[in-house]
Each structure stands twice: as C-alpha cells, then as structure tokens.
Amino acid sequence: MGGMIYFYTLKSADLNISSKLPDVGTTIFTVMSALANEYNAVNLGQGFPDYPMNQELLAKVNEAMLDGYNQYAPMQGYLPLREVLAEKVQYLYGGNINPDTQITITPGGTYAIYTALTAILRPGDEVIIFEPAYDSYVPNVIINGAIPVLIDLRLPGYNIDWEEVRRKITPRTKMIMLNTPHNPTGMVLSPDDIRQLRSVTQNTGIFILSDEVYEHLIFDDIQHESILRHPDLLERSFVTFSFGKLYHCTGWKLGYCISSAPLMKEFRKVHQFNCFSCHTPSQVALANFLRNKDSYLRLSAFMQEKRDYFSMLMKATRFTALPSHGSYFQCYQYPRISNETDAVFTVRITKEHGVAAVPVSAFYQSGYDSKVIRFCFAKKKETLEAAVEKLMKV
Ligand code: PMP
Ligand code: GLN
C-alpha cells in the first residue's frame, strides 16, 4: 500500500462551522488580479507597482542579512527604526512621539488596522466608516462583534458630510475610521475636516483610526492632514502606515502604528500574541534608509508624475476623470461608453479589451453602483501607455 495517498473530503455541513464572516467572499483585488492573469490583461486593478523598488533600500536589506540581523526583532520593532520614525514625525508634523511607548512596527498597514480595532472594540460597539471604504474595514469591525455604521462620502468630491456624522453618533459610538489620502477615490481630508473631527469627538469616549498608508503620496502641494499634527486628537487615535505602499515593495508587508501610550499598551497586548515581531533585516535597512529625508520627501513628486502622465493619456479615451489628490489611484466614470454596472463593465473591459480595473461598488457593503471604476497608476510608463492604447478602443 506504500505510496498511496488518501483524500478524505468532509462536507462543510459535517464540520458545523458557524462563519464569523458569513457575507465575506474573496477580495476584489484577488478576483481582479486573477482575471487579469487569465485574460493576459494589463493590470491596473490591484494596487501594486510594477517598476523596481529603490535599489539602495534593497541593497541595505541584503547588507543587514549579511551583517547577521537575522533573529527576532524586539516585539515593538527595531528601536533605531522607531527612533528615526519619531524624528520624522517631529520634522514633518512637529509632534513629540516617544519611540518606546508610542510606535509599533507591524507586518503591514492592514494588520495594524486589525490590531487596533481588536484592541479596542467590544461586541455591540458602533464604528463609523465612510464609503467607499478600503475593503478590510467592515470585516475587521464585524469579526470583533462590533457594528459598522456606514456613511456615504458625497460626490463629486467624495467629501464627508459632518452633519450626517453628528446624526449617526450614539452613546454606543466607539470609533470613527478615516483614510487620507483615500483609497479608492484619491480624496484628501482638509483642515476643516480635522476641525469637524475635533468638534464631534472632544469630550466623548470616541476613538479614531486614521489610515494614512498613502502619507507621502499626496499631490499638487496639498498638505497631508495627519492626525500626528494634533496631540489632542492623537490621545484618542491609532494612526497606521505602510512601508510597502510608500517604498514600492507591497510584498514586504511591513508598516507601523503610532498612538498615545495608553492605547499603544493595549495594541501591543494583541500584537505580541499574534505575530510578535516583524522581519528584522527590512527594519534594519529602513532605519538606515530613512535617515536621509529625501527617502520620503521625494515620493510625492515621483507619484504625481505618474498621475499626471496617466490622466494626460486618458484624455484620448471616452472615460471621464474624477480628481485624484493622492494615493495610487484615480477613479473614472464612463457615461459616454456604457450604461452597464461598474462590476459588469470592469469584467467586460478586462476580458474584451485587456485592461483590468476595480469597480468602486466593491468598496460599498451594499454593492452600490455609482458607475465609477478605479485605475492604479503606480505603474511603469510603458504599462500605462499599453493600457491606455487599449482603453482608447473602449
Ligand atoms: N489601507 C489602505 C487604504 C490601503 O489601500 C492599503 C493597501 N495596501 C492598506 C491599508 C494596507 O497596506 P499593507 O499592504 O501594508 O497591509
Ligand atoms: N491596497 C491595494 C488596493 O487597494 C491592495 C491590497 C490587497 O491586495 N489586499 O488595490
């Protein structure tokens, strides 16, 4: 009988699984990238760069490995990296952050968000989320037994209606989730949004999760309205970041969270029993790399050039641009092309025209179809040119 392999397949009914996320399927990014591969389409769907990352940073990781930085980093993260991040916050936002007690390095931004929510939320708590929303937010709330309270951003600018926020706040409101620059729309928060945020949260027990993974990918000389500029707001906030997104190495899955010391204490209680610590050589490399301020000060101009190039090329198509002030993304409408839902339209252009995008309905729990699709412009010039040449025929 040697060499024989038995496969025993249990039916899911036998397992008596009561799903904690019954309404969740496979993420749109996975679905669209698979479709792009299947149809050999240019992939402007999932947000990842296709150009090489910074070679100096790459060399520094290699160096760190050869230098023997191959064992566990501290649970909080490699201290010199936390120190250089604290210096960066001081330099950019004037904030005084204690690297010992207020920063934790995480395996990516998504993980940082999940950890923050898990540290704070209890069943029945309400969390205000603006839609369209990055797709992990709602499931992260639900898996903690909390209740997402959804508010639509207002077109055409995808702005927050703060009066609606006031109406939706209840004694059970535990958190407000923000994302600036915003995925999928490229909207950025304004100083007035921060004033409104302060006015709705002060003297309440409401916490803030500010997802700032596109911190340095903000265009047209607009100032990034980071929560880190506001010590009073930081007291009640978790602010999350992603090195992967910033340094064009999304596969590294490395990021960090900054918060007040009491909140970070709770964050670390969850983190230490989940992943404990992150990839050491990348942290050592980033600590050295970030000492040079150009490593972050030059990112916006680099990405803005891509947005400008893509939107210039897209003028030759029948798509209608919505503004993008930051992130990897620009959204487009298509009234001159089709009346199809954004989901049907996106699949069709992938299959028939060879360009993948992401339907913005995927960022609404209701699947609300505003007939808007998202393109990722964090790509090589040639990729953008190849995509737009195809889109001109749509
Ligand atoms: N938040 C937003 C808004 C994002 O677009 C992403 C995308 N990557 C993340 C968080 C997560 O970043 P990471 O890949 O570092 O987990
Ligand atoms: N943040 C990326 C996007 O919006 C993808 C992240 C992922 O694939 N989970 O496309």
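Whatever order the structure lists ligands and atoms in, that order sets their numbers, starting from 1.
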Asks: Show the numbers, then the answer: is there a side chain to side chain donor-acceptor pair (under 3.5 Å) between H248 and Y51?
Replies: CA-CA 8 Å; H248 323 303; Y51 44 84; 3.2 Å; yes
Asks: Is L209 reachable from I169 through a run of hydrophobic residues whose side-chain heavy atoms are each under 4.5 Å from the next?
Replies: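 Not linked; separate clusters.
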Asks: Considering distance alone, does some N or O of K245 sit under 3.5 Å from an N or O of ligand 1?
Replies: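 Yes; at least one N/O pair falls below 3.5 Å.
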Asks: Under 4.0 Å, counting heavy atoms only: does N183 come that close to any atom of ligand 2?
Replies: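 A heavy atom of N183 does come that close to ligand 2.
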Asks: Whether the Y296 and K88 side chains hold a donor-acceptor pair (N or O, under 3.5 Å, no angle test) is what I'd like checked.
Replies: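 The criterion, which ignores hydrogens and geometry beyond distance, is not satisfied for K88 and Y296.
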Asks: If we check side-chain contact (heavy atoms from CB on, under 4.5 Å) with F238, which of these qualifies: I120, I113, T104, I227?
Replies: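 The passing option is I120.
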Asks: Check ligand 2 against Y134 and write out every atom of the ligand that is under 4.0 Å from a heavy-atom position of the residue.
Replies: 1 (N), 4 (O), 6 (C), 9 (N)
Asks: Taking the six-membered ring of F345 as reference, does the NZ or CZ atom of K371 fall below 6.0 Å from its centre and within a 45° cone about the axis?
Replies: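 The answer is no, since K371 fails at least one limit relative to F345.
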Asks: Would you say Y137 has any N or O atom under 3.5 Å from an N or O of ligand 1, going by distance alone?
Replies: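 It does not: no N or O of Y137 is found under 3.5 Å from an N or O of ligand 1.
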Asks: Using a strict cut-off of 4.0 Å, indicate which atoms of ligand 2 neighbour a heavy atom of F329.
Replies: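 In order of number, 3 (C), 4 (O), 10 (O).
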Asks: Looking at Y247 versus F289, is the centre-to-centre ring distance below 6.0 Å?
Replies: yes
Asks: Can you name the nearest heavy-atom pair linking Q55 to P52, along with the distance?
Replies: NE2-CB, 3.9 Å
Asks: Contact between ligand 1 and T250 is defined here as a heavy atom of the residue under 4.0 Å from a ligand atom; is it met?
Replies: no
Asks: Between I206 and F267, is there a shared hydrophobic cluster once you connect ILVMFWY residues whose side-chain heavy atoms come closer than 4.5 Å?
Replies: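 I206 and F267: separate clusters.
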Asks: When only distance counts, is G109 in polar contact with ligand 1, meaning an N/O pair under 3.5 Å?
Replies: yes
Asks: Name the closest protein heavy atom to atom 2 (C) of ligand 2, giving the residue it belongs to and the distance to 0.1 Å.
Replies: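 Sorting protein heavy atoms by distance from atom 2 (C) of ligand 2 puts K245 NZ, 3.2 Å first.
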Asks: Looking at G108, which atoms of ligand 1 are within less than 4.0 Å of one of its heavy atoms?
Replies: 15 (O), 16 (O)
Asks: Let me confirm one number: the CG-CD1 distance from L391 to I337, rounded to the nearest 0.5 Å.
Replies: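 Separation between the atoms: 8.0 Å.
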Asks: Under a single-linkage definition using a 4.5 Å side-chain heavy-atom cutoff for Ile, Leu, Val, Met, Phe, Trp and Tyr, are L286 and L58 assigned to the same hydrophobic cluster?
Replies: yes
Asks: Under 4.0 Å from ligand 2, counting heavy atoms only, is it the side chain of R374, its backbone, both or neither?
Replies: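 Answer for R374: side chain.
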Asks: Test of understanding: given a 4.0 Å heavy-atom threshold, classify the contact between T110 and ligand 1 as side chain, backbone, both, or neither.
Replies: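 It is both parts that get close, each with some atom under 4.0 Å.
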Asks: State the CZ-OG distance between F363 and S370, to the nearest 0.5 angstrom.
Replies: 11.0 Å
Asks: So, is Y111 polar-close to ligand 1, with some N/O to N/O distance under 3.5 Å?
Replies: no
Asks: Give me the residue, atom name and distance of the protein heavy atom closest to atom 8 (O) of ligand 2.
Replies: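 The answer is Q46 NE2, 2.7 Å.
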Asks: Short N/O distance, under 3.5 Å, between F29 and ligand 2?
Replies: no
Asks: Heavy-atom contacts with Y214 under 4.0 Å: which atoms of ligand 1 show up? List them by number with element.
Replies: 3 (C), 4 (C), 5 (O), 7 (C)
Asks: Check N179 against ligand 1 and report side chain, backbone, both or neither, counting heavy atoms closer than 4.0 Å.
Replies: side chain
Asks: Please classify the F243 to ligand 1 contact at 4.0 Å (heavy-atom distances, strictly less than): side chain, backbone, both or neither.
Replies: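 Near ligand 1, F243 shows nothing, with every heavy atom at 4.0 Å or more.
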